[in-house]
Amino acid sequence: MNDKMNHGVSLWGIVAALALLTGCSNDNEETGMPANGRVALEVTGGIQVNTRAHDNQWDANDAIGIYMLAPETTEVAEDARNRHYTTKTGGETGTFRPAEAGQTVYFPIDGSEVDFLAYHPYRTPLENDVYKVDVSRQEVQKDIDLMASEAPVTGDKFSPEVTFRFKHRLVNLRLTIKTDGKVLTDEALEGMTVGITSQSTTADFDVLTRTLSNIGADKTELELLVTNQGKACEGIVLPNTTTEGMQLVFTLTNGATFRWNIHSAGQSQSFVAGSQYKYGITITGTGLEVTSTVADWTPGNGEGENGNAE
């Protein structure tokens, strides 16, 4: 009798112990505690000084590429190269997760520190970790708005959350357009095209060193994106040490063409990476009146500039 009772107690004790262990295991999983020493990277990303091409928001499903590096080097650690992460919801700060199985970045098991870099928009493959820039098609601005984290961010498995601050690497143009309402009315703007002359459209961006090189030697007139029945225009172009020879070209559907020399504006002598140049354009019967202001991106031409176009 006593032996049976003792045997029963032992079995219940084992069951209780197993239940306790199972409960602890589930708690660990829910709180993100490491399993077998492996800790996954947790990523948030902000955009420097509210600098997004179309606004200061991440869009749902925006994708970034992440690299894990040996500290203070450009040597990729544990083959964590160009890992694909996305954010499910939009907002000023994105929370990014692996896009699919096999993309998760894990910290070194031994707890050693590593550095991280990231860029947007995600692209694969990247031959020799070089992002091929091409701004020849302006229809979807965010698809050519190249951004990269400002500097390597250091972390380890004991502090798995990493926050990237993304910086624009190209140049943004933003135009507001109207007529004088006399010889021309705003209805004349519908169907108008806007171009910018003397533009290279291709370059190489080294993700690991965050440098732009091999800017194309061929120059072309690049057609910008016109919206709002011709009353607005925007574009993303390559940085340039000089705007000499560059013109904004406005062509109405009746064939009338108006031009403005960008280099004539004192603070638009060059196009600086990460800067936005914003212009207000008034088309009159005899030419253009141009003013400029600064918004969103790092100011490119101070508080704005004036100019006349013919």
Side-chain angles (χ1 to χ4, degrees), residues 21-48 52 57-133 142-169 205-210:
L21 288 173
T22 301
C24 291
S25 176
N26 290 339
D27 288 343
N28 288 346
E29 291 175 5
E30 291 174 1
T31 58
M33 294 182 69
N36 298 324
R38 302 193 80 196
V39 179
L41 178 68
E42 300 173 14
V43 180
T44 59
I47 305 172
Q48 184 190 43
R52 191 66 191 277
Q57 306 286 310
W58 290 106
D59 294 333
N61 301 315
D62 269 350
I64 63 175
I66 296 177
Y67 284 73
M68 184 168 71
L69 309 174
E72 299 182 0
T73 74
T74 57
E75 179 183 345
V76 176
E78 302 193 9
D79 200 33
R81 168 180 271 110
N82 199 26
R83 296 296 178 88
H84 186 190
Y85 275 56
T86 61
T87 180
K88 289 185 178 180
T89 58
E92 290 186 11
T93 300
T95 300
F96 293 84
R97 297 287 182 265
E100 57 192 36
Q103 293 298 307
T104 303
V105 176
Y106 289 99
F107 286 94
I109 294 178
D110 63 8
S112 58
E113 289 188 339
V114 282
D115 287 344
F116 295 93
L117 291 175
Y119 73 92
H120 166 85
Y122 175 78
R123 187 176 295 176
T124 188
L126 293 186
E127 186 176 351
N128 298 321
D129 306 307
V130 171
Y131 184 103
K132 293 293 184 180
V133 177
K142 72 174 185 176
D143 287 352
I144 57 175
D145 177 19
L146 173 63
M147 296 191 295
S149 51
E150 292 183 88
V153 180
T154 302
D156 58 47
K157 73 176 187 178
F158 305 107
S159 301
E161 183 173 325
V162 168
T163 299
F164 293 116
R165 294 292 293 171
F166 288 89
K167 180 179 180 181
H168 293 281
R169 302 294 168 163
F205 182 77
D206 190 313
V207 175
L208 298 183
T209 62
R210 303 176 306 288

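Computed over heavy atoms, backbone and side chain alike; hydrogens, waters and symmetry mates excluded.
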Looking only at heavy atoms, what is the nearest atom pair of [X] and [Y], with distance?
{"X": "Pro160", "Y": "Ala40", "answer": "CB-O, 3.8 Å"}
{"X": "Asp59", "Y": "Asp62", "answer": "N-OD2, 2.9 Å"}
{"X": "Lys167", "Y": "Glu150", "answer": "CB-CG, 4.0 Å"}
{"X": "His120", "Y": "Lys142", "answer": "NE2-O, 4.2 Å"}
{"X": "Thr93", "Y": "Trp58", "answer": "C-CD1, 3.8 Å"}
{"X": "Glu78", "Y": "Arg83", "answer": "O-NH2, 4.2 Å"}

Inset, instruction - Please name all residues satisfying salt bridge (charged side-chain N to carboxylate O under 4.0 Å, His left out) with Lys88, sequence neighbours left out, ordered by chain then number. - result: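 Listed in chain order: nothing, the list is empty.
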Legend entry - Arg81: salt bridge (charged side-chain N to carboxylate O under 4.0 Å, His left out) partners, not counting sequence neighbours: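 Arg81: salt bridge (charged side-chain N to carboxylate O under 4.0 Å, His left out) contacts with Asp129.
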Inset, instruction - Please check if the side chain of Thr87 supplies one atom and the backbone of Thr95 the other of a donor-acceptor pair under 3.5 Å. - result: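 A pair under 3.5 Å: yes.
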Inset, instruction - Give a yes or no on whether the backbone of Val130 and the side-chain of Asn128 come within a donor-acceptor separation of less than 3.5 Å. - result: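 Not at all, since once roles are kept as given, no pair shorter than 3.5 Å links the two residues.
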Inset, instruction - Can you label the angle between the Phe96 ring and the Phe166 ring as parallel, tilted or perpendicular, going by 30° and 60°? - result: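 Tilted.
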Inset, instruction - Taking the side chain as every heavy atom from C-beta outward, state whether Phe205 and Lys132 have any atom pair closer than 4.5 Å. - result: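 They are not in side-chain contact.
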Legend entry - Where at least one partner belongs to residues 64-88, residue pairs that pass ring pair (Phe, Tyr, Trp, His ring centres under 6.0 Å), sequence neighbours excluded: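 Ring pair (Phe, Tyr, Trp, His ring centres under 6.0 Å) check on residues 64-88 returns His84-Tyr122.
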Inset, instruction - Before giving the answer on side chain to side chain contact (heavy atoms under 4.5 Å, CB included), spell out for Arg38 and Phe107 the whole-Å C-alpha distance, their side-chain angles and the decisive distance to 0.1 Å. - result: CA-CA 7 Å; Arg38 302 193 80 196; Phe107 286 94; over 6 Å; no
Legend entry - With Thr163 via side-chain hydrogen bond (donor to acceptor under 3.5 Å, both in side chains) - residues at least two apart: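 Residues passing side-chain hydrogen bond (donor to acceptor under 3.5 Å, both in side chains) with Thr163: Thr44.
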Legend entry - Nearest-0.5 Å distance, CG of residue Leu41 to CD of residue Glu161: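 Answer for the CG-CD pair, Leu41 versus Glu161, is 9.5 Å.
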Legend entry - Pairwise distance CG(Leu69) to OG1(Thr74) - rounded to 0.5 angstrom: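 Here the rounded value is 7.0 Å.
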Could you pull out all residues at least two apart from [X] that satisfy side chain to side chain contact (heavy atoms under 4.5 Å, CB included)?
{"X": "Glu100", "value": "Gln103"}
{"X": "Thr89", "value": "none"}
{"X": "Glu75", "value": "Ala70, Thr73"}

Side-chain atoms of residues 112-119: list all donor-acceptor pairs with protein atoms under 3.5 Å, sequence neighbours left out, distances to 0.1 Å.
from: Ser112; atom 1: OG; to: Asp110; atom 2: OD1; distance (Å): 2.8
from: Asp115; atom 1: OD1; to: Thr154; atom 2: OG1; distance (Å): 2.7
from: Asp115; atom 1: OD2; to: Glu72; atom 2: N; distance (Å): 2.8
from: Tyr119; atom 1: OH; to: Asn82; atom 2: OD1; distance (Å): 2.7
from: Tyr119; atom 1: OH; to: Arg123; atom 2: N; distance (Å): 3.1
from: Tyr119; atom 1: OH; to: Arg123; atom 2: O; distance (Å): 2.9

